[in-house]
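Structure first, commentary second.
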Amino acid sequence: MSDPHAGFIIASYALTGLVVGGLVLRAVVEHRALRRALEQLEARGVRRRSARQETAR
Amino acid sequence: MTRAFLALVLRDLRLAARVGGSGAMGLVFFLMLVAVVPFALGPDLNLLARIGPALLWFSAVLATLIGLDRLFQTDVEDGAIDLILSSDTPLEVLVAAKGVAHWLTTGLPLALLAPLFGLLLALTPGAMLAVAATLVVGTPALTFIGAVGAALTASLGRGGLLLAILVMPLMVPTLIFGVSAANAATGGTIAFLTPFLILAALSLVAIVIGIFAAAAALRQSA
Amino acid sequence: MPRLSSLWNLANPTRFLGLADRLLPWLAALAAALLAVGLYLSFFVAPPDYQQGETVRIMFIHVPAAWLGLFMYVMMSASALGTLVWRHPLADVAQKAAAPIGAAFTFVCLVTGSLWGKPMWGTWWVWDARLTSVLVLFLMYLGIMALWRAVDDPGRAARAVAVLTLVGVVNIPIIKFSVDWWSTLHQPAAVFRIDGPTIHPSMLWPLLVMALAFTVLAVALHVAGMRNEILRRRVRSLWLMEAERLDAGAETAAGAAR
Amino acid sequence: MRISVEGLACRRGERLLFRDLSFSLASGEALVVTGRNGAGKSSLIAMLAGRLAPAAGAIRAEGIGEATLAEVTNHVGHKEGLKAALTAEENLAFAGAMLGRPRLSPREALARVGLARAADLPAGYLSAGQRRRVALARLFVSRRPLWLLDEPTSALDAASQVRLAEVMQGHLAEGGLIIAATHAPLGLEGTKTLSIDAHVPSVDLPGGAEGERA
């Protein structure tokens, strides 16, 4: 691409990639952290009422 | 002493990150001001480019103001001020810590984002750089002048508006030299460095006076 | 009505979590595949525009981003109705998860528009009706996100945000109208159009594929965001339960610590 | 150390809350301040903490060397000073950094009040009683001999009150001083008591009528 405006095009795609990548990364990192927090709570012996019912059944 | 200083800075940064304190809100407000003023002035890019630096500085002053009223008020409300006041570290050091944390979450991001907002006002790259530089140097003055007002109104229920009325006049010199330095860089009649150095000096003076005055005010009112 | 009840079942957070876990890999894969095709089309198949040259390629992300910025707001408004009318917890969650995604795409739209405008118009930004409306939309997203953060209790926050979102919906046409009026009054005669004269099929296809790819991506992100939000509330309520339980276990814990 | 108070008077705004208040307290002694609502218990505590200037009289401290009274005082007021977004441990670590003279780690301090398991919980999730106990745990993060407690037992259940009494007894045994304003008995042995009501100006004095109204 020998266009004089290649810089602008590349910048557009790079920025979009950055923002979308950031959104994906945020979702994944948050999900891991929350799963870890739930496991930690489980290890402390805290469970939801419905979850306790399920195991009782 | 440094331990207490760092602990307070760290706590305030942590709170800002978890609660999303005044810092993020100030930034959004800054963007809104920059976006709304052209509606009043009309979409003439030449006009906007000419008054751009002044507009950014004015918005920065207002954006700093809206976050400041909570600077000490939250600590007074929940009683954490008792801890700060009964510390064996001098109160001045702790006030400085609060100011530094506030500047890091409000003033600095404001200055760093100003060039981006400058795009909306069709500023030249040189002008954007000048505005960012003057804001980096000038916003500490705004923060610490505001800290005095924040300390004075800390124990009042609705300090926000009062705070603005109290400290706006005190911010005038900073605004004048900030804008004139930014304008000088974009081809004014005076050199850039003169107003810029005066701005830096004003900032240093404001930091010192602000710290001692805010500490004195806190001892009285909180 | 069996269909309604099954829909209601789906709206049960626990069921939603199960569904999201199963659905997300497929959505992600589909989005990735569509993106790959879309990028290939927009870079190697679509010809340069005879007026805009290569910069027309920015349109292939700019237009879908604009579409999604609006789409997420519509999504949020529908969820806001769900919150206010049916008081459904999943609607709260859908509302909250949509805001940052919509804001991000609106931001992409603004910046890519700016990057397109510089070479084409010679300026980063014009206070043109269309651009300005999108900027106002972005500001509204920011306000909504700020309100979410400001209120502690999720249920209360959801209702407050729902009101704000719906007021925003009413306001959007008014804003659009007033901005149109405002800028035609001042804007010089040379009005630039974002969408160019006519769209040739060789450009329409990449655009459509990219729009679809972005939409699937946004839906995937939204589902993932909703899943995270449900988990976050679960963690929050479990911590609250744990705090209640603390007193019961206090004696033994303190005894062990001594 | 020894703290002596002579002829203390407190004025808040236009009205005189109390006057001619004197007492002295030495290491290992505790003082319980009683009085009806609005008599000025909290104001007395605030004066001792250095947060309020006395209208008359003097507060003297001996045997604390270079330090001021405020620097050897650990004050737990009726506002807890906890940040809801920070965990109990972070809150106590901050208190420790402010107060200086480190003693126990935040986790150890929490164990002393029976909240070891609450260390990782944000303070916002805790109940009123638990928050109170986290605030009281502040007494252990710093080595400060004078404890000033304003209604320490409020929101505490019976078990926690007993634990608090034990902890205070231990502090006295180590040579500490405690001044507590309270309605409820603390369960401490051999404490001095001071009733503020006896020092409230009577009706015929100027300002006295205002004082009665409280």
Side-chain angles (χ1 to χ4, degrees), chain A, chain C residues 14 24 28 31 35 39 42-43 48 52-62 64-65 97 100-101 103-105 107-109 111-120 214 217-218 220-225 227-245 249:
Chain A
M1 208 161 35
S2 55
D3 194 82
H5 306 312
F8 293 99
I9 302 171
I10 293 168
S12 296
Y13 278 83
L15 177 111
T16 310
L18 216 65
V19 171
V20 169
L23 281 175
V24 172
L25 197 71
R26 192 187 74 122
V28 171
V29 167
E30 242 177 20
H31 187 66
R32 292 219 175 123
L34 287 166
R35 285 280 181 216
R36 215 172 318 121
L38 278 176
E39 273 165 29
Q40 192 192 338
L41 278 160
E42 192 119 342
R44 288 174 77 125
V46 197
R47 311 195 70 180
R48 286 181 336 118
R49 261 149 288 174
S50 54
R52 257 175 296 180
Q53 279 166 12
E54 276 158 32
T55 46
R57 245 178 262 152
Chain C
T14 309
L24 264 177
L35 263 182
L39 285 173
S42 50
F43 267 105
Q52 304 179 5
E54 299 284 351
T55 43
V56 74
R57 304 195 194 284
I58 295 180
M59 286 301 115
F60 299 140
I61 45 177
H62 173 77
I101 301 170
F105 279 112
F107 177 71
V108 166
C109 170
V111 178
T112 52
S114 199
L115 283 165
W116 180 85
K118 183 64 182 171
M120 289 293 103
F214 269 47
L217 180 70
L221 282 168
H222 191 218
V223 172
R227 183 174 69 171
N228 282 348
E229 182 59 24
I230 292 172
L231 290 179
R232 195 180 355 261
R233 288 181 185 195
R234 206 158 268 190
V235 168
R236 184 186 140 90
S237 62
L238 284 179
W239 275 121
L240 282 170
M241 272 177 57
E242 171 70 357
E244 270 173 39
R245 260 171 33 116

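FYI, side chains are in, hydrogens and waters are out, and symmetry mates aren't considered; it's all heavy atoms of this structure. All chains are named by letter (A, B, ...) in the order of the sequence lines, taking the proteins before the strands, and each is independently numbered beginning at 1.
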Fill in: Distance-minimising heavy-atom pair for C/F105 and A/L23
CE1-CD1, 4.4 Å
Discussion item. Please check: side-chain N/O of A/Y13 versus main-chain N/O of C/R57, any donor-acceptor pairing under 3.5 Å?
Written reply: yes
Discussion item. Is C/L35 close to chain A through its backbone or its side chain, or both, or neither, when contacts mean heavy atoms under 4.5 Å?
Written reply: neither
Worksheet item: For C/L221, is it the side chain, the backbone, both, or neither that has a heavy atom closer than 4.5 Å to a heavy atom of chain A?
Response: side chain
Worksheet item: By a 4.5 Å heavy-atom criterion (distance strictly below it), what part of C/A104 contacts chain A: side chain, backbone, both, or neither?
Response: both
Worksheet, complete the sentence: Assert top hit (heavy-atom pairs under 4.5 Å, partner chain A, pool C/W239, C/F60, C/F214) equals C/W239
Practice prompt. Heavy atoms only, distances under 4.5 angstrom: which of C/V111, C/L217, C/I61 has the most pairs with chain A? Name it, please.
Written response: C/I61
Practice prompt. Could you check which of A/V19, A/V28, A/L18 has the highest count of heavy-atom pairs closer than 4.5 Å to chain C?
Written response: A/V19
Worksheet item: What distance separates A/I9 CD1 from C/T112 OG1, expressed to the nearest 0.5 Å?
Response: 12.5 Å
Worksheet item: Quick one: does C/N228's side chain have a donor or acceptor within less than 3.5 Å of a partner on A/L34's backbone?
Response: no
Item to complete: Return each pair, listed once, that meets salt bridge (Lys or Arg N to Asp or Glu O under 4.0 Å) where at least one residue sits in residues 28-37 of chain A; pairs must be two or more places apart or across chains.
Response: A/E30-C/R232, A/R35-C/D21
Worksheet item: Once you round to the nearest 0.5 Å, how far does CD1 of A/I10 lie from CG of C/L115?
Response: 11.5 Å
Item to complete: Just give me the residue among C/S114, C/P100, C/A218 that pairs up with chain A most often, heavy atom to heavy atom, under 4.5 Å.
Response: C/P100
Item to complete: Could you tell me which residues satisfy side chain to side chain donor-acceptor pair (under 3.5 Å) with A/R26, sequence neighbours excluded, listed by chain and number?
Response: none
